[in-house]
Amino acid sequence: MISVTPFQKRVYDATRRVPKGMVTTYAMIARRIGCGSARAVGQALRRNPFAPEVPCHRVIASDMTIGGFSGRTGGAQIRRKLRMLAAEGVVFKGGKLAEPSRLHRLDK
DNA sequence: AGACCCGGACGCG
DNA sequence: CGCGTCCGGGTCT
């Protein structure tokens, strides 16, 4: 089994830069690392060998939706994700981010 | 080589 | 505004 790939390393690095109380989108990370596919990012986050080190729960969809978590697009996992974000001050409303200002721009 | 993935954009209804 | 479809990049089997 292969360990962390260079691509994932970039994803984790970008994700780790997201400060508490803020969130990022897959597309943003993808763009930051020079990737045209947010899916690859989500996939990398899904594996996430660095659980507490890489806050994958701080990564949401570009539509400001909660996105997915642990390989699911809905369920208890998502609820947990929302709760973690809420604990950091990030609130979701109507299944979407209440305040877009919480978006952290890794890109430039 | 083929299938699978936590998305994104586009087009249509 | 909501749903359906295709695309793209990467990893895993």
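A note on names: the letters A, B, ... follow the listed sequences, proteins ahead of strands, and every chain is numbered from 1. Side chains are part of it too, since the values below use all heavy atoms of this structure and drop only hydrogens, waters and symmetry mates.
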**Q** From the options Lys81(A), Arg58(A), Arg102(A), select the one residue that forms a salt bridge (charged side-chain N to carboxylate O under 4.0 Å, His left out) with Glu88(A).
**A** Arg58(A)
**Q** For DNA chain C, please output the secondary structure as dot-bracket, reading 5' to 3'. Pairs are Watson-Crick or G-U wobble, both atom distances under 3.5 Å; mark crossing pairs with [ ], other-strand partners with |, unpaired with a dot.
**A** |||||||.|||||
**Q** Show the nearest heavy-atom pair for residues Leu106(A) and Ala14(A), with the distance to one decimal.
**A** CD2-O, 3.1 Å
**Q** Give me the residues of residues 4-12 of chain A where at least one heavy atom lies under 4.0 Å from an atom of DNA chain C, by number, or none.
**A** Thr5(A), Phe7(A)
**Q** How about Thr65(A) and Phe92(A): do any of their side-chain heavy atoms sit closer than 4.5 Å?
**A** no
**Q** Rounded to whole Å, how long is the line connecting atom CD of Gln77(A) with atom C1' of dC5(B)?
**A** 16 Å
**Q** Rounding to an integer number of Å, can you tell me how far Gln43(A) CD sits from dG8(C) C1'?
**A** 12 Å
**Q** Classify the nucleic acid contact of Gly36(A) as base, sugar-phosphate or nothing, counting any heavy atom under 4.0 Å across all strands shown.
**A** sugar-phosphate
**Q** Do Leu85(A) and Ile66(A) have side-chain heavy atoms sitting under 4.5 Å apart?
**A** yes
**Q** Between atom CZ of Arg16(A) and atom NZ of Lys9(A), what is the distance when rounded to the nearest 0.5 Å?
**A** 9.5 Å
**Q** Looking at CG of Asp63(A) and OG1 of Thr25(A), how far apart are the two atoms once the value is rounded to the nearest 0.5 Å?
**A** 10.5 Å
**Q** Could you measure the distance from the OG1 atom of Thr15(A) to the CZ atom of Arg17(A)? Nearest 0.5 Å is fine.
**A** 10.0 Å
**Q** Could you state the atom-to-atom distance from CZ of Arg31(A) to P of dG10(C) in whole Å?
**A** 17 Å
**Q** Does the side chain of Glu99(A) come within less than 4.5 Å of Val91(A)'s, by heavy atoms?
**A** no
**Q** Just to verify, which of Arg46(A), His57(A), Arg79(A) counts as forming a side-chain contact (heavy atoms from CB on, under 4.5 Å) with Phe69(A)?
**A** His57(A)
**Q** Please give, in whole Å, the distance from dG9(C) P to Ile29(A) CD1?
**A** 18 Å
**Q** Provide a list of protein-nucleic acid N or O atom pairs under 3.5 angstrom, restricted to nucleotides 8-13 of chain B.
**A**
from	atom 1	to	atom 2	distance (Å)
dG8(B)	OP1	Ser62(A)	N	2.8
dG8(B)	OP1	Ser62(A)	OG	3.2
dG8(B)	OP2	Ser62(A)	N	3.1

**Q** How about Leu103(A) and Met28(A): do any of their side-chain heavy atoms sit closer than 4.5 Å?
**A** yes
**Q** Measure the CZ-SG distance between Phe50(A) and Cys56(A) for me, rounded to the nearest 0.5 Å.
**A** 12.5 Å
**Q** For Arg72(A) and dG7(B), give me the distance from atom CZ to atom C1', rounded to whole Å.
**A** 19 Å
